[in-house]
Structures are given as C-alpha cells and as structure tokens.
Student: 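Let me begin by handing over the structure; questions about it come next.
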Number of protein chains: 2
Amino acid sequence: MINFASMNNTRFATVIHILTLLGKTPDQWLSSDWIAGSIHINPVIVRKELGFLQDQGWVISKKGKEGGSMLGVPTHEISLAAIYKAVKNTSVLGKKNQTPNPKCPIGKHINKKLDQLFVETDEMVSTALSHKTLKNFVEQF
Amino acid sequence: MINFASMNNTRFATVIHILTLLGKTPDQWLSSDWIAGSIHINPVIVRKELGFLQDQGWVISKKGKEGGSMLGVPTHEISLAAIYKAVKNTSVLGKKNQTPNPKCPIGKHINKKLDQLFVETDEMVSTALSHKTLKNFVEQF
DNA sequence: CCTTAATGTAACAAATTTTATTACAAATAA
DNA sequence: TTATTTGTAATAAAATTTGTTACATTAAGG
C-alpha cells in the first residue's frame, strides 16, 4: 500500500465513515465511488484508505466488475482506540520544537519532559477510546 | 494582537517553553531574542506568542531598552488545561469532512455523531490537564 | 473473447497550514 | 541621542494535506 506522507487531519473522520458504511451493509461489496459519494471526497482518497484498512486486516476488497469492499472482521472487534492509533501520527498536544538549545538548562531537558507529558496524554486518550468499538458507533445510525 | 491563521502544531510546546523560562526566572525581564535562542526558533514567532500570552493575562512585557517579558501571575495559577485550551483549534481526533452527502443516511448524521465523540474526547483531555499546573511542570527543571 | 466496471497505485497538482524572514515604527533606558 | 527592545505588518518559504489524472490490472457476464 502507498504511504501517506504524514498525518491527514481528516483521516480519523474519513476512516470511521468508511467503516460505518461497511458495518451497516455487511456482506455487500461497496464500491469506492459510492463510498466517496457519501463522504463527498475524491474516490482515490477512499481507495487509498481502503488499502490502508486492508493492511490493518479490517477490510477485504475485490477487484473487477461487481467488485468493492466489505468488512473482514465483526464491528465489535474494532475499537476506536485501534482506529485512532492506526491513523494518528502526532501527539494530542502537537509537535515538539526540533532543536532547543542544549546550552540552556531548560532547552537541554524540555523535550524529555514534554515527551513524558505527551505520551501520558496520548495514552489516556487511547485508554478512553479502547472502551468504545465500531459496533457502538454504528449502532447510533 | 495579530491572529495566527490557525493552529500551529508546535504552539503548545513553544508556549510552555516560554512560560517555563519565565517561571524559572521570576521578576526578570527576558528578551524575545534570548527566549528564541533557547527554543531555537525565530524571535518574531516568540514575540507573537508573548503578545498572545499577554492577551491571556499571563505575561507582562516592557518595551524599549532593558525591556522584555515576565510572568504576570504565579505559576500555580496557570493550568496546562488553560494553556492547551488557549492554543488548540482542532479536536484531538482531527477535523471532520465538511460536506458529507445528506442523501445518504450515514452521511446525513455522521458529523453530529462525530461531534459528540470529538467533544467528549477533548473534554477528557482538558479534565486530565486541569490537574497539572505550570508550577508542576517548571519544578521538574 | 470482448466489453464493462471495478480496484491499485504512481505521479503530480492544488490548496491549506505552519513557520520563518524582512522591515520598520514606537518605546524607553542610560 | 543612541542603543536596544517590543509590536506588528507584509510577505515568503516550507511542510502538510487534499485532490486529480492516468492507466495498468482484475474479474464478471454476455
């Protein structure tokens, strides 16, 4: 599968939209064009995300006429934490400055301390999301 | 004060770095150039953030020779939640797609449901950060 | 086999966001 | 009155995100 250069700020929303559509119509092959029409984004973006979701083992796709995608695992086996983890690439609290001045006592240690705070915060979010599943989300519709 | 166009992904790190320096040397006027040297970013960025921190009521600056900035409130009165809130402009879980298809039953309601999830997640982060203060952070150095 | 419809993916283009820079007015200490 | 510092506008550059075009490959169904 192709790499996204980095975090795509709508990726969580896009991916959960795709998974919700697939979760609502189990055992049906949905086309990327149809999915793209529901999200109202470019079909190629959808196909990229579907490829990504295949890599995660969550989606199966079939090429050719009458092809499309469907879920490969039951919705209760996909936690929102897993989706978030798969899709996120920066901390909740953002990025750190890359080269603080090591000659400054604060600059020398700030990134170590920020890291602790960033990791702790990210883990809290993951823990909270681990109690929610795609099933819970899909049931709302 | 000037507007930043939108969320600056290193703003939390930058702002907490600035506040830590100010918190470590109370009652001293630190220049934006000196602060910029510690973070290793452009001094104009620092001055913009200092202006922003003045707007929050956290920092006092003095123009002219021998001028600079210092904290206007004690470090224990600034919570990390307040810093985060002041600086953040998107949800922890990212952005939503702007125009999902209202003709699709999922597309019609997805943003309402995503909003609930996004707000809930953001609030959890804020609650957790509200138990930490700038004092706690600065004490680590 | 041939046509049609779908995925997969490369390559590139456009848009948006973030970061840095230049320039200079205004303020103030000494 | 000189040197230094903040404040901020304007713009440029860099990085990231999103969209588009193009086409090879695959597979269903006549």
Side-chain angles (χ1 to χ4, degrees), chain A residues 1-15 17-18 22 28-37 39-55 59-70 72 87-90 93-100, chain B residues 1-15 17-18 22 28-37 39-55 59-70 72 87-91 94-100:
Chain A
M1 192 251 164
I2 332 109
N3 274 342
F4 282 90
S6 57
M7 176 68 174
N8 171 337
N9 272 328
T10 57
R11 283 192 73 199
F12 185 86
T14 298
V15 160
H17 193 141
I18 292 171
L22 298 179
Q28 285 186 47
W29 299 108
L30 300 188
S31 78
S32 58
D33 269 50
W34 192 87
I35 294 171
I39 309 177
H40 200 257
I41 60 172
N42 192 287
V44 177
I45 308 275
V46 173
R47 292 207 280 275
K48 284 179 188 171
E49 292 295 4
L50 284 167
F52 173 76
L53 292 171
Q54 288 170 56
D55 295 342
V59 162
I60 299 167
S61 295
K62 194 176 66 157
K63 288 184 175 180
K65 196 170 180 181
E66 309 288 297
S69 299
M70 64 170 69
V87 139
K88 107 190 186 73
N89 76 343
T90 53
L93 299 179
K95 294 188 295 192
K96 293 183 283 292
N97 288 291
Q98 290 179 17
T99 51
Chain B
M1 192 255 166
I2 333 109
N3 277 341
F4 282 89
S6 56
M7 174 70 173
N8 174 335
N9 271 327
T10 57
R11 284 191 72 198
F12 185 87
T14 298
V15 160
H17 192 142
I18 293 171
L22 297 178
Q28 286 186 46
W29 299 108
L30 299 189
S31 79
S32 59
D33 269 47
W34 192 86
I35 293 171
I39 309 176
H40 199 257
I41 59 172
N42 193 287
V44 177
I45 308 277
V46 172
R47 293 207 281 276
K48 284 180 188 171
E49 291 296 3
L50 284 168
F52 173 77
L53 293 171
Q54 288 169 54
D55 295 342
V59 161
I60 299 166
S61 295
K62 194 175 66 159
K63 287 182 175 180
K65 192 168 182 181
E66 308 289 297
S69 299
M70 63 170 72
V87 138
K88 107 190 185 76
N89 76 342
T90 53
S91 171
K95 295 188 294 193
K96 291 184 284 293
N97 288 290
Q98 291 179 14
T99 51

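Naming: A, B, ... by sequence-line order, numbering from 1 per chain. Quick caveat: nothing in here was measured; it's all calculated off a predicted structure.
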Student: Which one, D/dA10, D/dA22, C/dT17, comes nearest to the side chain of B/Lys95?
Tutor: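 It is C/dT17.
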Student: For the side chain of A/Ser31 and the backbone of A/Trp34, is there at least one donor-acceptor N/O pair under 3.5 Å apart?
Tutor: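 Yes, A/Ser31 side chain to A/Trp34 backbone: donor-acceptor pair under 3.5 Å.
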Student: Can you work out whether B/Ser61 or B/Asn97 has the more 5'-proximal nearest nucleotide on DNA chain D?
Tutor: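 So the residue in question is B/Ser61.
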Student: Heavy atoms only: give me the nearest B/Val59-B/Gln54 pair and the separation to one decimal.
Tutor: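 Distance-wise, the nearest heavy atoms are O-CG, 3.3 Å.
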Student: Which of the following nucleotides, C/dA29, C/dA6, D/dG19, is nearest to the side chain of A/Ser31?
Tutor: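 Looking only at side-chain atoms, A/Ser31 lies closest to C/dA6.
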Student: Under 4.0 Å, heavy atoms only, any strand: does A/Leu50 hit a base, just the sugar-phosphate, or nothing?
Tutor: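 Nothing: the residue A/Leu50, judged by heavy atoms under 4.0 Å, touches no strand.
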Student: Tell me: NZ of A/Lys48 to P of D/dT16, nearest whole Å?
Tutor: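 Rounded to the whole Å, the gap is 16 Å.
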Student: What is the distance, rounded to the nearest whole Å, between atom CZ of B/Arg47 and atom P of D/dT4?
Tutor: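 It is 15 Å, rounded to the nearest whole Å.
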Student: Please report, rounded to the nearest Å, how far the P atom of D/dA12 is from the CG atom of B/Asn42.
Tutor: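 For the pair B/Asn42 CG and D/dA12 P, the rounded distance is 16 Å.
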Student: In whole Å, I'd like the distance from the CG atom of A/Asp33 to the P atom of C/dT4.
Tutor: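 Taking atom P of C/dT4 as the reference, CG of A/Asp33 is at 17 Å.
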Student: Would you find a donor on one side and an acceptor on the other, under 3.5 Å apart, between the side chain of B/Lys88 and the backbone of B/Thr90?
Tutor: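 A pair under 3.5 Å: yes.
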Student: Both A/Lys63 and A/Ile41 contact DNA chain D. Which one's nearest nucleotide lies toward the 5' end?
Tutor: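 Its nearest nucleotide lies further toward 5', so the answer is A/Ile41.
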Student: Pick the nucleotide of DNA chain C nearest each of A/Lys65 and A/Val44; which residue has the one closer to the 5' end?
Tutor: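 Of the two residues, A/Lys65 wins.
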Student: C/dT16 P sits how many Å from B/Asn89 CG, rounded?
Tutor: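 The distance from CG of B/Asn89 to P of C/dT16 comes to 15 Å, rounded to the nearest Å.
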Student: Does B/Gln54 have a side-chain nitrogen or oxygen under 4.0 Å from the phosphate oxygens OP1 or OP2 of D/dT6?
Tutor: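 For D/dT6, neither OP1 nor OP2 has a side-chain N or O of B/Gln54 closer than 4.0 Å.
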Student: Take atom CG of B/Asn9 and atom C1' of D/dA14, then tell me their distance rounded to the nearest Å.
Tutor: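 Going from B/Asn9 (CG) to D/dA14 (C1'), I get 14 Å.
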Student: I need the CD1-C1' distance between A/Ile35 and C/dT7, as an integer number of Å.
Tutor: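 Answer to the nearest Å: 11 Å.
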Student: Does A/Gln98 reach a base, just sugar-phosphate, or nothing at all? Heavy atoms under 4.0 Å.
Tutor: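 The answer is nothing, as A/Gln98 stays clear of every strand by at least 4.0 Å.
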Student: What's the spacing between A/Ile45 CD1 and A/Thr10 OG1 if we round to 0.5 Å?
Tutor: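 If I round to the nearest 0.5 Å, the distance is 8.0 Å.
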Student: Let me confirm one number: the CD1-CD distance from A/Ile41 to A/Glu49, rounded to the nearest 0.5 Å.
Tutor: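 So the CD1 of A/Ile41 and the CD of A/Glu49 are separated by 7.5 Å.
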Student: Can a side chain N or O of B/Ser32 be found less than 4.0 Å away from OP1 or OP2 on D/dT6?
Tutor: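 Yes, because at least one side-chain N or O of B/Ser32 sits under 4.0 Å from OP1 or OP2 of D/dT6.
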Student: Using atom CD of A/Glu49 as one end and atom P of C/dT7 as the other, report the distance to the nearest whole Å.
Tutor: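 For the pair A/Glu49 CD and C/dT7 P, the rounded distance is 15 Å.
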